[in-house]
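Presented below is the structure to which this report refers.
Bear in mind that the values here come from a model prediction, so they are computed numbers and not experimental data.
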Amino acid sequence: MHIEIPVSCRTVRTELRLLRENGEYLRSVLFLKQSETALYETWGGEFSACEPGLYFYEFFITTEKEAFRLRKQGNDTNMEAGELWQLSVIAQEYAVPEWAKGAVMYQIFPDRFAACGRCDTAQKLQPYWVHESWNEMPVWQPNEKGEILNNDFFGGNLNGIREKLDYLQRLGVQILYLNPIFMAFSTHRYDTYDYQRIDPMLGTEEDFRLLCEQAHTRGMKVVLDGVFSHVGSRSPYFQQAIESKNSPFYPWFRFKHWPDQYECWWGITTLPCIDKNNDDYVNYIIEDKDSVVSRWIQLGADGWRLDVADELPDSFVAKLKRRIRQVKPDALLIGEVWEDASNKIAYDVRRRYFVDNELDSVMNYPWQKAILRYVRGEDGGEGLGESIMTLAENYPPDVLNCVMNVLSTHDTPRAITALVDPRDGEREELARRTMSMEQLEFGKKRFCLAAFLQFMLPGIACIYYGDEAGMTGYRDPFNRQTYPWGGEDERLISFFTELVALKKSSEALREGSVTVLEAGQGRLMFLRRSKNQALAVLANKSDRPWSVPHSGRMLMGGNLLSYTAGTVVLGQDGYCVIEK
């Protein structure tokens, strides 16, 4: 490790001060002067890694006239101000599945993607109803009791997904991520009724097995949504618990006053929380020979995405990963974490997702928010550049290579809408909002730049179903409309097909490092470098042309004013990637 200090400081001593995550001083490391230029002195030092854990550090500089602490401020340093640098010490054997590094993922909300025939719904939980038309708007209005039941279905099913595998293969998809598929009452199925059964509206266990089998023959993996923090109040687990304290399921729940007062997810009484430290529950979900997570892996799944991972104890997550790796050594485990997962504190506990090798990676909402802000022009690039480098410094390289980069999800507005109109509102008001054709085209133009950045950055590029076809929508349920089969924007699909092909064919994009070279005044440039390839990625949000000299080959670009053998000029919303 080394640090550059201006020659003008007349430094006589430099030391690194290492602290534990609680701020307790651990030790100092004396740095020695390595070299000197006309402007800077380079001081460096080495020290052995500590036991796995999260650490922080600062520098203490002694000059001929004074002594001061040097800390991090953005991508720069400052005297006596700013934040500590972070150091994550992880086990040397940390490894993620090779197939996940830099892959392309496609997220599917099963009821709304595609339907093939009708499934046997005799045992579907009542009441429910199916829309007559595939193109209708999902129900957003509360019923006469003021409840939003989420029990209107469109009939999307597993066979519908299987029927569209050829389309997904042409797009270049490598991973299918399915929102919950297990038996539940609602359309979103985050209110699990039975972890061991496919929801009747979606099909059967055999339908699932065939979907995985045919996906695998096309080189695709299948990742399931694991909702293990809570269940549905109508589930047999909970119903038996409130019927009798002698029920084997009674200890699974935390009752404040049995049977009518209990811990529930975010105060929603239809989602009673599970005690994830209960041994019987842990055995049922993880440890048993035919446990939930192992059974569905054996039936064809290749990994899990953990819903609300912050609400699952570290021990639960660690056991789950160990179990699925026993069943399938290259199974993938991704957690839903909305912040920097390397230093996340949840419920007053510092999480150990990476330092204890619990998760392979996480959903990447920090980059999503930063990309959207930059493309909307709310950030000149400084914020996005800092966000890129913060995670690049804080996440282990393997984690960064399979971080799940998103622009839209089932929990956020669709990207095209967010890039034109990021305002929130009540559902009744959102249902009345519309975009003009001019706004839609403007949003798609911005979306191309945002997607380009998403695909150029390290990690898995995840497409939310229909984004590539031009779908729009505010937050739930407007972001969960049906895929517009027959009404797709073919130009946008072609753009994504080109993006996907570039991501898959480029070593540097799949698993190269990232370094931000310029960020500010609307301009962004970063370098992706692997053993055999170096790529310069450029984007311009400024209304002023940006002329950049180069000595390479352009692999992809858009909104360029000119391109010659020695110079590329980017217009507003211009972007390109050049192989150096």
Consider only side-chain N and O atoms of S342 and D340, and report whether a donor and an acceptor are under 3.5 Å apart. yes
CG (L509) and NZ (K101) are apart, to the nearest 0.5 Å, by 15.0 Å
* Quick one: do Q123 and R197 satisfy side chain to side chain donor-acceptor pair (under 3.5 Å)? Show the steps, please. => CA-CA 11 Å; Q123 297 186 46; R197 293 182 61 187; 3.2 Å; yes
Here the gap from M201 atom CE to R189 atom CZ, rounded to the nearest 0.5 Å, amounts to 7.0 Å
Between W485 and Y167, does the ring centre distance come in under 6.0 Å?
-> yes
- Task: Would you indicate whether the side-chain heavy atoms of Q169 and V173 approach each other to under 4.5 Å?
- Result: no
Using the six-membered ring wherever Trp is involved, compare the ring planes of Y281 and Y284 and label them parallel, tilted or perpendicular (cut-offs 30° and 60°).
tilted
Pair E21 + R350, salt bridge at N-O below 4.0 Å = yes
For side chain to side chain donor-acceptor pair (under 3.5 Å), just list the numbers for Q533 and S506, CA-CA rounded to whole Å, side-chain angles, deciding distance to a tenth of an Å, and then say yes or no. CA-CA 8 Å; Q533 189 180 38; S506 169; 2.9 Å; yes
For this session: Kindly say whether A184 contributes a backbone atom to a donor-acceptor pair with the side chain of D199 at under 3.5 angstrom?
Result: yes
Can we call the ring centroids of Y483 and Y465 under 6.0 Å apart? no
Taking it one step at a time, do Q298 and W296 satisfy side chain to side chain donor-acceptor pair (under 3.5 Å)? CA-CA 5 Å; Q298 290 169 350; W296 294 103; over 6 Å; no
Original post:
Does D111 use its side chain to pair, donor to acceptor, with the backbone of G155 at less than 3.5 Å?
Top reply: yes
- Evaluate side chain to side chain contact (heavy atoms under 4.5 Å, CB included) for I181 paired with F208, printing each intermediate quantity in order. CA-CA 9 Å; I181 61 173; F208 172 75; 3.8 Å; yes
Shortest non-hydrogen pair, D360 vs R325, comes out as OD1-NH2, 2.6 Å
Measure the acute angle between the ring planes of H131 and F154, then classify it against the limits of 30° and 60° as parallel, tilted or perpendicular. parallel
**Report entry** Salt bridge flag under 4.0 Å for residues R209 and E213
**Finding:** yes
Note to self: With a 4.5 Å cut-off on side-chain heavy atoms, are F109 and L178 touching?
What the structure shows: no
Without hydrogens or angle criteria, can the side chains of W134 and E136 be said to hold a donor-acceptor pair below 3.5 Å?
no
Decide yes or no for N157 and C116: does some side-chain heavy atom of the first lie under 4.5 Å from some side-chain heavy atom of the second? yes
S244 backbone acceptor or donor facing S247 side chain under 3.5 Å
no
> Where do M220 and Q174 land on the side chain to side chain contact (heavy atoms under 4.5 Å, CB included) test, with the steps shown first?
Replying inline: CA-CA 4 Å; M220 300 178 194; Q174 296 164 294; 5.8 Å; no
Mind checking whether L176 and L165 have side chains closer than 4.5 Å, heavy atoms only? yes
Determine yes or no for a side-chain-to-main-chain donor-acceptor pair under 3.5 angstrom, with T192 supplying the side chain and Y195 the backbone. no
- Sub-3.5 Å donor-acceptor pair from the side chain of K321 to the main-chain atoms of N357, do we have one? yes
With a sphere of 6.0 Å drawn around CH2 of W129, does it hold more than 12 non-hydrogen atoms of other residues, nucleotides or ligands? yes
| query | Taking the six-membered ring for Trp, is the centroid-to-centroid distance between Y177 and W304 below 6.0 Å? | reply | no
Below 4.0 angstrom, N of the basic side chain to O of the carboxylate: do R305 and D307 qualify?
yes
Open item on the list: Salt bridge check, R510 against E507: does any charged N sit closer than 4.0 Å to a carboxylate O?
Closed with: no
ask   = Side chains of V222 and D302: closer than 4.5 Å at any heavy-atom pair?
value = yes
Any salt bridge linking R323 with D288? Criterion: basic side-chain nitrogen under 4.0 Å from a carboxylate oxygen.
no
query = Strictly under 6.0 Å, is that where the ring centroids of Y190 and W265 end up?
reply = no
Parallel, tilted or perpendicular: rings of F249 and W252 (30°, 60°): perpendicular
Can you confirm whether I242 sits close enough to Y262 that some side-chain heavy atom of one is under 4.5 Å from a side-chain heavy atom of the other?
no
Side chain to side chain contact (heavy atoms under 4.5 Å, CB included) test vs F354 passes for just one of L54, V362, D398, N394, namely V362
Heavy-atom check, side chain of D207 versus side chain of L202, under 4.5 Å: no
query = Going by atom types only, do T409 and Q107 share a side-chain donor-acceptor pair under 3.5 Å?
reply = no
**Donor-acceptor pair between H188 and D476 side chains, under 3.5 angstrom** = no
Inset, instruction - Please test R295 against E205 for salt bridge (Lys or Arg N to Asp or Glu O under 4.0 Å), starting from the C-alpha separation and ending with a verdict. - result: CA-CA 11 Å; R295 179 169 180 265; E205 185 176 298; 2.3 Å; yes
Nearest heavy-atom approach of D411 to Y365 is CB-OH, 4.4 Å
Just wondering, are more than 12 heavy atoms of other shown residues or ligands nearer than 6.0 Å to CD in E51?
no
Rounding to 0.5 Å, atoms CD1 (I334) and OG (S361) come to a distance of 6.0 Å
Practice task
Would you kindly say whether D152 and Y128 are connected by a side-chain donor-acceptor distance under 3.5 Å?
Solution key: no
>> Donor-acceptor pair, distance only, cut-off 3.5 Å: does the side chain of K328 make one with the backbone of Q326?
In response: no
message = Would you say that L306 contacts L320 through its side chain, given a criterion of any heavy-atom pair below 4.5 Å between the two side chains?
response = yes
### Message
Quick check on the 6.0 Å ring-centre criterion: do Y237 and F253 meet it?
### Response
no
Notebook entry, point to check: Quick check: does any side chain N or O of S235 sit under 3.5 Å from a backbone N or O of Y193, one acting as donor and the other as acceptor?
Noted result: no
- Please walk me through it: do R528 and T515 pass side chain to side chain contact (heavy atoms under 4.5 Å, CB included)? CA-CA 7 Å; R528 297 296 312 278; T515 304; over 6 Å; no
- Message: Under 3.5 Å, is there a donor on one side chain and an acceptor on the other for Q368 and N405?
- Response: no
>> Closer than 3.5 angstrom, by distance alone: can the side chain of W367 be matched with the main-chain N or O of S387 as a donor-acceptor pair?
In response: yes
Point to revise | is_close_aromatic(H230, F238), centroid dist under 6.0 Å | key: no
Exercise. Would you sort out whether R351 and V337 count as a side chain to side chain contact (heavy atoms under 4.5 Å, CB included), showing the intermediate values?
Key: CA-CA 11 Å; R351 303 311 302 264; V337 181; over 6 Å; no
Sub-3.5 Å donor-acceptor pair from the side chain of D314 to the main-chain atoms of R352, do we have one? yes
Q.
Hydrogens and angles aside, do Y464 and N479 bring a side-chain donor and acceptor to less than 3.5 Å of each other?
A. no
Result for salt bridge (charged side-chain N to carboxylate O under 4.0 Å, His left out) between E263 and one of K256, K276, R254 points to R254
**Main-chain N/O of S291 paired to Q196 side chain as donor or acceptor, under 3.5 Å** = no
Worksheet item: Do F496 and Y106 have ring centres separated by under 6.0 Å?
Response: no
